[in-house]
S.K.: 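Got a structure here, written out as structure tokens. Questions coming.
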Amino acid sequence: GPIILGNFNAVLSCDDTNIQIVIQPDNRFGLDAVALLTPQAQFSIKGKFKPDDNLPEEVHQAAGLFSRPDSQGFYHIDWK
């Protein structure tokens with residue numbers, strides 16, 4: 001069934017000709033990231049996340065598809 005992740009807050013701005021999205025980490029997924037979208041529709045994101053302990057086990061298992069957790073339990077994202 002559906003998994004409620006709650007709200008994600010972000011700050012939108014311009015970085016030269018790119019759109020920059022800074023995702024604030026105060027969310028149930030613990031996502032703390034910066035995403036860039038270029039005028040050529042290229043997308044990159046760099047950051048980390050640590051799912052809340054109260055989220056279903058399926059969420060924690062799926063997190064392993066991104067990377068292995070570091071010593072503090074964060075999964076790192078670096079997509080270009």
Side-chain angles (χ1 to χ4, degrees):
I3 298 171
I4 306 300
L5 294 178
N7 295 321
F8 289 77
N9 295 313
V11 176
L12 298 174
S13 63
C14 291
D15 176 21
D16 290 325
T17 59
N18 301 320
I19 296 171
Q20 180 174 318
I21 305 162
V22 179
I23 302 165
Q24 306 298 316
D26 57 344
N27 56 72
R28 289 189 68 202
F29 210 60
L31 180 60
D32 181 8
V34 175
L36 290 176
L37 178 62
T38 71
Q40 296 78 24
Q42 294 174 326
F43 182 79
S44 66
I45 185 167
K46 185 169 187 163
K48 63 184 180 179
F49 68 95
K50 180 179 179 183
D52 186 275
D53 290 338
N54 295 324
L55 288 171
E57 184 58 31
E58 296 88 348
V59 173
H60 294 274
Q61 290 173 354
L65 298 173
F66 291 92
S67 65
R68 291 181 185 245
D70 65 16
S71 61
Q72 295 177 330
F74 285 95
Y75 295 86
H76 293 264
I77 305 168
D78 191 1
W79 293 336
K80 294 181 182 171

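Atom set for the values below is all heavy atoms of this structure, side chains included, hydrogens, waters and symmetry mates excluded.
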S.K.: Leu5 versus Asp52: any side-chain heavy-atom pair under 4.5 Å?
M.R.: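 Side-chain contact under 4.5 Å: no.
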S.K.: Should Leu65 and Val59 be counted in the same cluster of Ile, Leu, Val, Met, Phe, Trp and Tyr side chains packed under 4.5 Å apart?
M.R.: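 No, no single cluster joins them.
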S.K.: For the residue pair Asn9 and Asp26, establish whether any side-chain heavy-atom pair is separated by less than 4.5 Å.
M.R.: yes
S.K.: Using the rule side chain to side chain contact (heavy atoms under 4.5 Å, CB included), only one of Asn54, Asp53, Leu55 pairs with Pro51; which is it?
M.R.: Leu55
S.K.: May I ask you to test the Pro39-Asn18 pair for a side-chain heavy-atom distance under 4.5 Å?
M.R.: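 Heavy-atom side-chain distance check passes, below 4.5 Å.
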S.K.: If we only count heavy atoms from C-beta on, is the Lys46 to Val34 side-chain gap below 4.5 Å?
M.R.: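 Side chain of Lys46 against side chain of Val34, heavy atoms only: no contact under 4.5 Å found.
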S.K.: How far does NZ of Lys50 sit from OH of Tyr75, to the nearest 0.5 angstrom?
M.R.: 10.0 Å
S.K.: Determine the minimum heavy-atom distance between Pro56 and Ile3, stating which atoms define it.
M.R.: CD-CG2, 3.9 Å
S.K.: Please determine whether the number of non-hydrogen atoms from other residues, nucleotides or ligands lying under 6.0 Å from atom CD of Gln72 exceeds 12.
M.R.: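 12 or below, so no.
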S.K.: List the atom of Phe74, the atom of Gly30, and the distance in Å for their closest heavy-atom pair.
M.R.: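 Between these two residues, the closest heavy atoms are CE2-O, 4.5 Å.
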S.K.: In Å, rounded to the nearest 0.5 Å, how long is the span from CD of Gln24 to CG of Leu31?
M.R.: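 Going from the CD atom of Gln24 to the CG atom of Leu31 covers 10.5 Å.
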S.K.: Parallel, tilted or perpendicular for Phe49 and Phe29, by the 30°/60° rule?
M.R.: parallel
S.K.: Do Val22 and Phe43 sit in one hydrophobic cluster, given that two such residues count as connected whenever their side-chain heavy atoms are within less than 4.5 Å of each other, even indirectly?
M.R.: no
S.K.: Please check if Ile45 and Phe8 belong to a single hydrophobic cluster, counting links between Ile, Leu, Val, Met, Phe, Trp and Tyr side chain heavy atoms closer than 4.5 Å.
M.R.: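 As far as the 4.5 Å side-chain criterion goes, Phe8 and Ile45 are connected within one cluster.
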S.K.: Would you compute the distance between atom CG of Asn7 and atom CD1 of Ile4 and round it to the nearest 0.5 angstrom?
M.R.: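 Asn7 atom CG to Ile4 atom CD1 measures 10.5 Å (nearest 0.5 Å).
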S.K.: Residues two or more places apart in sequence or in another chain: which of them pass side-chain hydrogen bond (donor to acceptor under 3.5 Å, both in side chains) with His76?
M.R.: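 In terms of side-chain hydrogen bond (donor to acceptor under 3.5 Å, both in side chains), with neighbours along the sequence ignored, His76 is linked to Asp70.
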S.K.: What's the separation between atom NZ in Lys80 and atom CD in Gln42, rounded to the nearest 0.5 Å?
M.R.: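 Result: 12.0 Å between the selected atoms.
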